[in-house]
Student: 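Handing you a structure now.
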Amino acid sequence: MGDFLSVTELTKAFPGVLANDHINLTLHRGEVHAILGENGAGKSTLMKLIYGLYEPDSGEILLEGNPVHFHSPRDAIHAGIGMVHQHFMLIPALTVADNVVLGDEPGHIRYDRKQAEEKVRSLSNQYKLTVDATAKVGDLSVGLQQRVEILKAFYRKAKLLILDEPTALLTPQETEELFSIIRHLRDEGIPILFISHKLDEVRAVANRVTVMRAGKTVATLSVAGTTSQQLANLMVGRDVVLRIEKQPQQRGSVLLDIRNLEVQDKDKHPRVRGVSFQVHAGEVFGLAGIDGNGQFELVDAIAGLLNVFRGSVWFDGQNITRLSPGARTATGIAYVPQDRQVEGLVLNFDLVENLMLRDFRRRPFSRNGWLSRQAAVKYANDLIQRFDIRPPDALRKAADLSGGNQQKVILAREVARDPKLLIVAQPTRGLDVGAIEGIHRQLLHLRDLGKAILLVSLELDEIMSLSDRIGVIHSGVLQDIVDAKTVTREKIGLLMTGSRSDEGARILSSDIQEVRKP
Amino acid sequence: MTPGVRSVVRGLGLPILASLFAIVIGAIVVAAIGFNPITVYGSLLSGAFGNLFSIGATLSGAVPLILIGLGIAIAFKAGVFNIGAEGQYWVGAIASVWVSYHFTGLPGWLHIILALVAGMLAGAVWGGVIPGLAKAYVGAHEVITTMMMSYIGILLAQYMIEEPNAPMRQPGYIPESPMIPNNVQLPFLPMKAFVQSQLSIGIFIALIAAVVVWLLLQKTTFGFQIRTVGYNQRAAKYAGVHVAWYTILALGMSGLFAGLAGGVQMLGVAHQLNDSFASQYGYTAIVVALLARNNPFGCIIAGIFFAALSTGGQTMQQFSGVPASLTDVLTGLVVFFVAAEQLIPEIRAWFRRNKDRRRIAGVQEGGKTA
């Protein structure tokens, strides 16, 4: 029998929602099986049912042909199911070996650290999960921490590995390393369930894919014969446009003029070094770069959240270098910051308060220092309808909304002010295909209305499909500005590493190609 | 129920549950040391609310707790912890008393306002401006600075009257300041029992202050900015709020109310600065704000609750023989349950799970026998 795990007619209801509706799934030995679905499609619930965090209302789970009933994750672990959560459950102050064996330590009363390290080393050799057993987890990169999580699962004798959105926090390089680990494990005969909402990744690493939508399994396909378009349509339930056609550009005058800008972080380290560029009305200027190369400090400085160390920022013919963030907003700059939960929203505020967050000083939201709740509620309801924010309840706290809808709230707030310049940082991070399409359309629509848009994204595809011109930043220096119509992704990748040598080009382009097209 | 009403009910649920848990566990403690909980709580209750005199005493004791509690709630709302309200209270008291027995040519009402404003400003400088500036510009943590300033404030008040030649000392053997003139004292409520229990119109000042704080926090851009800073400083900066400035303002407002409490207490009850520095209002008020979950109207109820524990405690000791420090146990338990906010939903969930398990077990057994 090739079926390692099979799930039949599994159903789980929560008050008001049928989270899993008669789910069927089979997992063969030695395959990577992706579960693809939008946020809220029921992927996580299904995994929690398999992992014993929830108990099903009805239906059956068969492990190696035998029905199992898990009352807790402990039962599931005991039965050989290992799971790596999206957010790691590690103790940063302990070493790798300590973390792996925690809860099942070798030795009796006295913890035998030597033996723990030995065991971890042999596991890491066996599964090619290279990581230093004596290193402190807090010092490791996110990619290595993930390996520790995988080791934890194997230390507990996992025969099946569940990876819940494993690439969400990884860099492209780490993603590629993870994929080669997954392929290696598959070749060792370990079945892997890979939860994702990213089409490229599913196509890169999975053998078969089960698409979920609204709590149901829509289809199970072999990855080999499918296209991204097919998967996207199945996932969303309608025809999705993966790459939006742009209107010809109507470029206007210069709106934003950055002159020789230098920005330092809190510890006085230079993060942006002598950057100059201009953004015109009616254009999308994309800022590409590997994370941590100063792009977010640059836009924070333009928005007024970071102080400018040297150089100047001109907007619409006016020097705004010394203006406060509030005053910059008033001149017509809108800003969608990269971290919507930490910066863009106050999660404990309701949508009314969040939608007026940057405009509460002016009418109709307040008058001589007194808030006008009524006007704010009316405004919020209007925006909720216009931008299709769900659930359409202005009194809901921002924390209760899905990531896509939180992003819509921020975008609605910033766009509704009718700004001349919109700065967007990572506008689609963590969103699903349907939501991404909506936000991309919105941005291009604004461009066609003659707004200037400064787009910062770590997704090269996003930059390339939306931008008219692309600036590439590397360690705080703007390497070059290129025309998006003619540039190749290899050229941009080369600039992103800051090297112009042919060797760099070869390594990087092969990297990118491997990630995107297996 | 509309969502608004529901959230109010949910907001009230936890403090009430916490108080109930505290009372139940207090009863167990009382029973364990050999007293009848019903008599003990009965005497506590009648001591706090049994007649007009005790009601007056309870409300009078609640005034400083409500006022200081409001101030601490404002600081909490802005995400800062004003732990030094006790010192701000005394600094406010010093300023109010000093103004009260100077400027004697003024009409009474104007003199009262002047004295209270002096107390408010002194409290604001002590609690807000100094620790606030220290926090905003050199990063000194407000828990440390407000507490240190608090000790200085309390000792300053002692210094004012302690030694024979102290600045505010009345000639004589007793360490006390001159009396506040009659026309600068806050009038008592016009009933004999209230005059005896020293319930002044300070209670109305406290009630009005609660309304003012509520309006300020919920209805003004000032309050909106305070709350934004309290929830998320980075989002506040992004929203164009001057975070450092609003941190200072919040601590300043916090001290302002503590200073007002000192002034009202001096003008309404003590009528002079005397050697009574063990009031502890500034500390109990932290618990008031906690129990009220920073809701201004909750501060009124919580202030009365703790004042009742204190006045009722005396009677309880007389009549039932249980030491008045039982009320400290109750206070401690309330703090514990409010602080352990997560505990109560956990307990509820545990009960529910247990019920489910019993139900399922019952079904399974039924299945077997059939």
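Chain letters run A, B, ... following the sequence lines, proteins first, then strands; residues in each count from 1.
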Student: Pick one of side chain, backbone, both or neither for A:Arg396, based on which atoms fall under 4.5 Å of a heavy atom in chain B.
Tutor: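 Neither part; nothing is under 4.5 Å.
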
Student: Tell me which of these, A:Thr329, A:Asp300, A:Asn348, A:Asp339, has more heavy-atom pairs under 4.5 Å with chain B than the rest.
Tutor: A:Asn348

Student: Please classify the contact of A:Leu323 with chain B as side chain, backbone, both or neither, using a heavy-atom distance under 4.5 Å.
Tutor: neither

Student: Quick check on the interface: out of A:Asp359, A:Asn368, A:Val342, who has the most heavy-atom pairs with chain B under 4.5 Å?
Tutor: A:Val342

Student: Given a strict heavy-atom distance threshold of 4.5 Å, which part of A:Leu345 is in contact with chain B: side chain, backbone, both, or neither?
Tutor: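 The backbone, not the side chain.
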
Student: Quick check on A:Phe365 against chain B: is it the side chain, the backbone, both or neither that has a heavy atom closer than 4.5 Å?
Tutor: neither

Student: Please list, in residue-number order, every residue in residues 224-241 of chain B that has a heavy atom less than 4.5 Å from any heavy atom of chain A; write 'none' if there are none.
Tutor: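 Answer by number: B:Phe224, B:Gln225, B:Arg227, B:Thr228, B:Tyr231, B:Asn232, B:Arg234, B:Ala235, B:Lys237, B:Tyr238, B:Ala239, B:Gly240, B:Val241.
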
Student: Assess whether atom CZ of A:Arg362 is packed by more than 12 heavy atoms of other residues, nucleotides or ligands within 6.0 Å.
Tutor: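 More than 12 within 6.0 Å, yes.
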
Student: Are there more than 12 heavy atoms of other residues, nucleotides or ligands under 6.0 Å from atom CZ of B:Phe204?
Tutor: no

